[in-house]
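Before any comments, here is the structure.
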Amino acid sequence: DREAAREVARRLEEMQSEGNSPANLATLPRLALGDVSPDPLPLAYEISRVADRDFVTVPMYAGGIGYMALNLLLDGLDQDDIDLLPLLCEALSKTGAAGLDYAAMAERGAAAAGALDFAAGLVTHVDGPGRAALKMTVWLKALDADWRKALDIMSDRLFRADFGDRERLRD
């Protein structure tokens, strides 16, 4: 079996290194520069106000899956808090919340959200490229039908996190 697998791998590598024949390449569709508009397509978006902040929504078809990237600007944190921010982001998804332990929260999340993640980073400040702003991004992905449940889980992880399980945090 091993020798047969080696032979298949050898033949595949040989075929891949040969490249395509001119006849095969001629069957591939090609775009000419004239086929592409020089003007970019406009991006549809909506801006609404939420808690005195701009909230940008870009509607698009995503096959029944909702995606959200929520950037929370963290101006004013002192250096000690900034140093702990990556640990906070890691802990938010690995602890209990809203009166539930980690296992129950993980089960709840798996049932309603395709992904929920927290990450710290920098973005260009609105004042210009010479200045950066500290942010925490919350990434959320869920089926449209489960969006309300996924938002509730995100809210619980952000605002009702339970950091009491010291063993889990230590691990």
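All heavy atoms count here, side chains included; hydrogens, waters and symmetry mates do not. Keep in mind that what you see is a predicted model, and the values were worked out from it rather than measured.
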Does the side chain of Arg30 reach to within under 4.5 Å of the side chain of Asp35, using non-hydrogen atoms? no
To the nearest 0.5 Å, tell me how far Lys94 NZ sits from Leu87 CG. 11.5 Å
Let me check something: any side-chain donor-acceptor pairs from residues 47-65 under 3.5 Å, sequence neighbours excluded? List them with distances.
| residue | atom | partner | partner atom | Å |
| --- | --- | --- | --- | --- |
| Arg49 | NH1 | Asp54 | OD1 | 2.8 |
| Arg49 | NH2 | Asp52 | O | 2.8 |

Is there a chain of hydrophobic side chains (I, L, V, M, F, W, Y, each step under 4.5 Å between heavy atoms) that links Phe163 to Met154? yes
Is there a side-chain contact between Leu116 and Val138 (heavy atoms, below 4.5 Å)? yes
Minimum heavy-atom distance Ala120-Cys89, with the two atoms named: N-SG, 3.7 Å
Close side-chain approach of Leu88 and Phe118, heavy atoms under 4.5 Å: no
From Leu84 atom CG to Gln79 atom CD, the distance as rounded to the nearest 0.5 Å: 10.0 Å
Are Leu70 and Tyr67 connected in the hydrophobic side-chain network, where two residues link if heavy atoms are under 4.5 Å apart? no
Are Asp101 and Arg168 close enough that some pair of their side-chain heavy atoms sits under 4.5 Å apart? no
Closest approach of Ala97 and Ala161, non-hydrogen atoms and distance? CB-CA, 3.9 Å
Are more than 12 heavy atoms from other residues, nucleotides or ligands located less than 6.0 Å from atom CD of Glu7? yes
Within the 4.5 Å heavy-atom criterion, are Met136 and Leu158 side-chain neighbours or not? yes
Is there side-chain contact between Leu73 and Val123, with at least one heavy-atom pair below 4.5 Å? yes
Write down the atom of Ser93, the atom of Tyr102, and the distance for their closest heavy-atom approach. O-CE1, 3.8 Å
Over all heavy atoms of both residues, which pair between Ala112 and Asp146 is shortest? Give the atoms and the distance, please. O-CB, 3.4 Å
Check whether any side-chain N or O of Asp144 sits under 3.5 Å from a backbone N or O of Gly66 as a donor-acceptor pair, and report yes or no. yes
If Ile, Leu, Val, Met, Phe, Trp and Tyr residues are connected whenever their side-chain heavy atoms lie under 4.5 Å apart, and connections chain through other members, are Leu77 and Leu122 in the same group? yes
Could you walk me through whether Glu14 and Arg11 satisfy the salt bridge (Lys or Arg N to Asp or Glu O under 4.0 Å) test, starting with their C-alpha distance in whole Å, then the side-chain angles of each, then the deciding distance to 0.1 Å, before giving a yes or no? CA-CA 5 Å; Glu14 187 178 288; Arg11 283 190 310 220; over 6 Å; no
Look up atom CZ in Arg10 and atom CD in Glu3, then write down how far apart they are to the nearest 0.5 Å. 10.0 Å
Side chain proximity check, Leu85 to Leu134, heavy atoms < 4.5 angstrom: yes
Smallest heavy-atom separation, Ile153 atom then Gly109 atom, equals CD1-CA, 3.8 Å
Among the clusters formed by ILVMFWY side chains lying less than 4.5 Å apart, do Leu100 and Phe159 turn up in the same one? yes
Taking atom types as modelled, is there a side-chain donor on Thr95 or Asp162 under 3.5 Å from an acceptor on the other? no
Would the distance check show the side chain of Asp83 and the main-chain N or O of Asp80 forming a donor-acceptor pair, the cut-off being under 3.5 Å? no
With a cut-off of 6.0 Å (strictly less than), are more than 12 heavy atoms of other residues, nucleotides or ligands near NZ of Lys149? no
Taking all heavy atoms of Ala98 and all of Arg108, pick out the closest pair and write down the distance. CB-NH1, 4.4 Å
